[in-house]
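Accompanying notes for the structure given below.
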Amino acid sequence: MAQGPAKVRTIAIIPAFNEEEALPGVLAELRQAVPDIDVVVISDGSRDRTAEVARAAGVNVVELPYNLGIGGALQTGFRFALRGGWARAVQVDADGQHDPGQIARLLEALDAGADLVIGTRFAAQRGAYRVGRTRERAMGAMRVAVRMLSGRRFTDTSSGFRAFDADVIAFFADTYPSEYMDSVEALLLALREGFSVVETPVTMRERQAGRASNRNLRLVYHFIRLAVVMVSGAGRHRAPVREAVP
Amino acid sequence: MSMLAAATPRLHVITAVAGVICMLGILRLVRRRQLRAKYALLWLAVGVAFVVLGASPGLLDWAARRTGVAYAPDLLFLVGTLFLVLVVMHLSWELSRLEDRTKILAEEVALMRTELHGHIGGDQSHPPAEDRRTA
């Protein structure tokens, strides 16, 4: 494959915590669906063979010395992408929830001028993605929270299927939130920073294990926490270098 | 009449002794280099305050009169609580800063380990594609 200098380099950032079973399939699928994408797997203090499995697949592997949580793993991925000079990044789950075939849709939205693209499960009827009642309530609460705190409407604020341009990569390399609900907080930070954020409909597979333990009190706590973050101006960046949107 | 002033001399002795023990413990930690000097000074000051209060029973009453506090022990509680709140706030701040720093360190260590094996930015992905290119 001729790789001209004008070709935009894209990297898939895959945070993985003990995902030795699902990871090989995800990597193989990724390679098949998007052959020219680079890949970095961030093993977040995994105790199983996650890193070996990824290395065997021939992708870049970064091994965190201990578990930082999804936020820390992602920030590591953004740092990796920034140092390596990748112009675009895609965040993909290691558990196979995200269909690599949909990455092209996210990248199209980036090409259309967006800085941050969120693959949403609900924006269209592309394969009805069903969630449990508790989780649905939690997602509804987050929608309202984001609307109150940013004034913008998003249908799927916690989706971890996202694409980023170079400016957002540089921004998140320093400021990606590390606490639970990192994806919602990251969305709010990017909006406040003035980045252009769009949602694009994607199909997603149902999550294998029910990990969504969203208790109401916990939601209230995190809503208040996000509100404090937004009001206090935490994580505000030092004037990022913005390029004109073509 | 304050608690301290009204109390038997034994309470003053206990207070003063507690202050001395506190100071000895601090000095021991400093000698073993287990406590930073800035914290040592802080707790030494607390120890001194204990000793002084224990040794001079009228001091608290005098301070209460000067500040217009009717019941002298109230002054003690107020000052003590404020002091502890400030210390805990400071420790929370330091803890947050340390968490941020260790997180950055962990990320950097991980990235450096990767750099040792090959440089970041190199096209290490997809060896089959590379094989095709080189073949």
Side-chain angles (χ1 to χ4, degrees), chain A residues 1-3 7 9-12 14 27-28 30-32 34-46 51 54-69 71-87 173-179 234-235, chain B residues 29 32-40 42 77-135:
Chain A
M1 200 167 76
Q3 198 148 333
K7 183 102 180 77
R9 290 165 77 225
T10 307
I11 187 165
I14 307 182
L27 293 176
L30 193 61
R31 178 172 303 162
Q32 202 181 12
V34 201
D36 57 349
I37 201 169
D38 295 315
V39 177
V40 60
V41 170
I42 315 292
S43 173
D44 188 12
S46 299
R55 249 180 237 117
V59 300
N60 298 291
V61 180
V62 176
E63 274 184 277
L64 289 166
Y66 54 89
N67 187 269
L68 288 184
L74 275 173
Q75 178 164 291
T76 309
F78 288 120
R79 282 171 180 256
F80 186 91
L82 182 67
R83 304 236 172 120
W86 276 277
D174 276 337
T175 59
Y176 200 84
S178 52
E179 283 185 76
Chain B
L29 285 177
R32 290 181 178 177
R33 297 180 184 279
Q34 288 174 348
L35 193 65
R36 287 301 225 36
K38 55 179 174 176
Y39 296 120
L42 183 75
F77 281 122
L78 180 70
V79 172
T81 308
L82 277 180
F83 174 76
L84 289 179
V85 165
L86 284 177
V87 169
V88 171
M89 275 173 57
H90 175 77
L91 289 179
S92 302
W93 174 76
E94 289 239 23
L95 188 63
S96 303
R97 206 175 54 148
L98 279 176
E99 275 183 17
D100 280 349
R101 290 182 168 184
T102 51
K103 183 177 152 238
I104 297 294
L105 273 180
E107 294 179 2
E108 287 300 316
V109 165
L111 289 171
M112 282 166 81
R113 231 164 24 168
T114 301
E115 273 170 342
L116 278 180
H117 295 290
H119 71 284
I120 295 178
D123 188 8
Q124 295 155 14
S125 311
H126 311 322
E130 272 181 10
D131 289 348
R132 248 181 284 134
R133 235 175 288 156
T134 48

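Here is how names work: the chains are called A, B, and so on, in the same order as the sequence lines, proteins then strands, and each is numbered from 1.
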- Message: Once rounded to the nearest 0.5 Å, what's the spacing between atom NZ of B:Lys103 and atom OG1 of A:Thr76?
- Response: 7.5 Å
- Query: Is there any residue in residues 78-91 of chain B with a non-hydrogen atom under 4.5 Å from a non-hydrogen atom of chain A, and which ones are they?
  - Reply: none
Sequence neighbours excluded, which residues qualify as side-chain hydrogen bond (donor to acceptor under 3.5 Å, both in side chains) partners of [X]?
X        : value
B:Glu108 : A:Arg79, A:Arg83
A:Asn67  : A:Asp44
A:Ser178 : none

So which atom in [X] and which in [Y] form the shortest heavy-atom distance, rounded to 0.1 Å?
X        : Y        : answer
B:Thr114 : A:Val61  : OG1-O, 2.9 Å
B:Thr102 : A:Tyr66  : O-OH, 3.3 Å
A:Pro65  : B:Ala110 : CD-CB, 4.3 Å

Is the number of heavy atoms from other residues, nucleotides or ligands within 6.0 Å of [atom1] ([X]) greater than 12?
X       : atom1 : value
B:Gln34 : CD    : yes
B:Arg36 : CZ    : no
B:Arg97 : CZ    : yes

- Message: Would you say that A:Val62 contacts B:Glu107 through its side chain, given a criterion of any heavy-atom pair below 4.5 Å between the two side chains?
- Response: no
- Query: Is it the side chain or the backbone of A:Leu68 that comes within 4.5 Å of chain B heavy atoms, both, or neither?
  - Reply: side chain
- Item | Contact class of B:Leu105 relative to chain A, heavy atoms under 4.5 angstrom | neither
